[in-house]
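The block underneath contains the structure these notes are about, expressed in structure tokens.
Reminder, nothing fancy here: chain letters follow the sequence lines and each chain counts from 1. Quantities reported herein were computed from a predicted structural model and do not represent experimental measurements. Reckoned from all heavy atoms, side chains included, excluding hydrogens, waters and symmetry mates.
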There are 2 protein chains.
Amino acid sequence: MARTPVVSTALLTLMRERHHHAWTLEDLHAALAEREIAADFSSVFRAAEKLAAAGDIRKLTLEDGRARFELFDAHHDHLHCTRCGELVPVPCLLGPGNFAALEREAGVAILDHHLVLSGICRDCRTVPSPGASA
Amino acid sequence: MARTPVVSTALLTLMRERHHHAWTLEDLHAALAEREIAADFSSVFRAAEKLAAAGDIRKLTLEDGRARFELFDAHHDHLHCTRCGELVPVPCLLGPGNFAALEREAGVAILDHHLVLSGICRDCRTVPSPGASA
DNA sequence: ATATATGCAAACGCTTTGCATAGAG
DNA sequence: CTCTATGCAAAGCGTTTGCATATAT
């Protein structure tokens, strides 16, 4: 290469070290800043896109219209916690077996799926809600 | 009321008459135009939001970040055709039974879900692909 | 008069791109 | 010299809002 890709590398390191699951660009940008890496937003964007294109991370978009990035490991689905807003990974609930009947009956071909559950994550279930005693 | 809601009414009529399933604001705006209803984009937006708030229609947002509106009937999921781009309704594949184990094991509570399948819709499977002979 | 519907134009939020610079090979 | 990474600033795109006007009750 012609220049050391500081941002890409830092992003990957970050995502591997921290537990935070799905990162918005803003999350990534802020996390880099905490580590004294004052990257520009566009650089974070480009680095994330590049990593996604390379298959290192995965990009997904939620109902709220904001992009999220996560490490690209085994397929899993997500739970969007309506209380804390986190996008929590959950094991995939759907396999080919679930699609066979539909494909046959509806005459469609299913190649992939994207499932987002809405509900309350484990952490929020064990913690009193924010305004509980206020 | 204080003024006849032309746009809202027209939208509802439109969505009930045509088969087009999930409408973007642009779709709605264009369809109204075809019917000589030159509504402003913001009016279409406001009318759609109002109908959604009233429970007549449902608003959803896809990976592409664009809002879609559809008549609010029985819950169903969607197939996003990667060939023609349509968002086709398919019967819901997930019921409480699918969530029980996950809720128990992961300690979460699931209230709703949003499933989008990716694949090829029936129409596209029976028609040669756009660039097939070109 | 009052309350809702609409048009017009501008603001917004997030994403994306153009252009110039920097630095490694 | 060439090629990629980065910063800065601005453009894009779809959505949303502020304000003035129109109209039915």
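- Note: CG (B:Leu11) to C1' (C:dA5) measures 13 Å, nearest angstrom.
- When the side chains of ILVMFWY residues are joined at heavy-atom separations under 4.5 Å, either directly or via intervening members, B:Leu25 and B:Val7 end up in a single hydrophobic cluster.
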Would you mind writing out the side-chain donor-acceptor pairs for residues 11-19 of chain A within the sub-3.5 Å range, not counting sequence neighbours?
unit_1	atom_1	unit_2	atom_2	d
A:Thr13	OG1	A:Thr9	O	2.8
A:Glu17	OE1	A:Arg35	NH1	3.2
A:Glu17	OE1	A:Arg35	NH2	2.9
A:Arg18	NH2	A:Glu34	OE1	3.1

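- Computed from coordinates, the B:Glu63 CD to D:dG14 C1' distance equals 17 Å when rounded to whole Å.
- Comparing atom distances between the B:Lys59 side chain and each of D:dA5, D:dT16, C:dA5 picks out D:dT16 as nearest.
- A single hydrophobic cluster is seen to contain both A:Ile57 and A:Phe41, as judged by linkage of ILVMFWY side chains at heavy-atom distances under 4.5 Å, directly or through other members.
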For residues 68-75 of chain B, which side-chain N or O atoms pair as donor and acceptor with protein atoms under 3.5 Å away, sequence neighbours left out?
unit_1	atom_1	unit_2	atom_2	d
B:Arg68	NH2	B:Asp64	OD2	2.5
B:Glu70	OE1	B:His21	NE2	2.4
B:Glu70	OE1	B:His76	NE2	3.3
B:Glu70	OE1	B:His78	NE2	2.8
B:Glu70	OE2	B:Arg58	NE	3.1
B:Glu70	OE2	B:Arg58	NH2	2.6
B:Glu70	OE2	B:His76	NE2	3.2
B:His75	NE2	B:Asp77	OD1	3.2
B:His75	NE2	B:His113	NE2	3.2

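- Between the CG atom of A:Leu25 and the P atom of C:dG13 there is a distance of 16 Å, rounded to whole Å.
- The phosphate of D:dT4 (OP1 or OP2) has no side-chain N or O of A:Lys50 nearer than 4.0 angstrom.
- Nearest approach of B:Ser8 to B:Leu51, heavy atoms of both residues: O-CD1, 3.8 Å.
- Regarding contacts with the backbone of D:dA22, every side-chain N or O of B:Arg3 stays at 4.0 angstrom or more from both OP1 and OP2.
- B:His29 places a side-chain N or O within donor-acceptor distance of the main-chain N or O of B:Ala39, the cut-off being under 3.5 Å.
- To the nearest angstrom, P of D:dG14 lies 18 Å from CH2 of B:Trp23.
- Of all the residues in residues 26-49 of chain A, A:Ser42, A:Phe45, A:Arg46, A:Glu49 reach under 4.0 Å from DNA chain C with at least one non-hydrogen atom.
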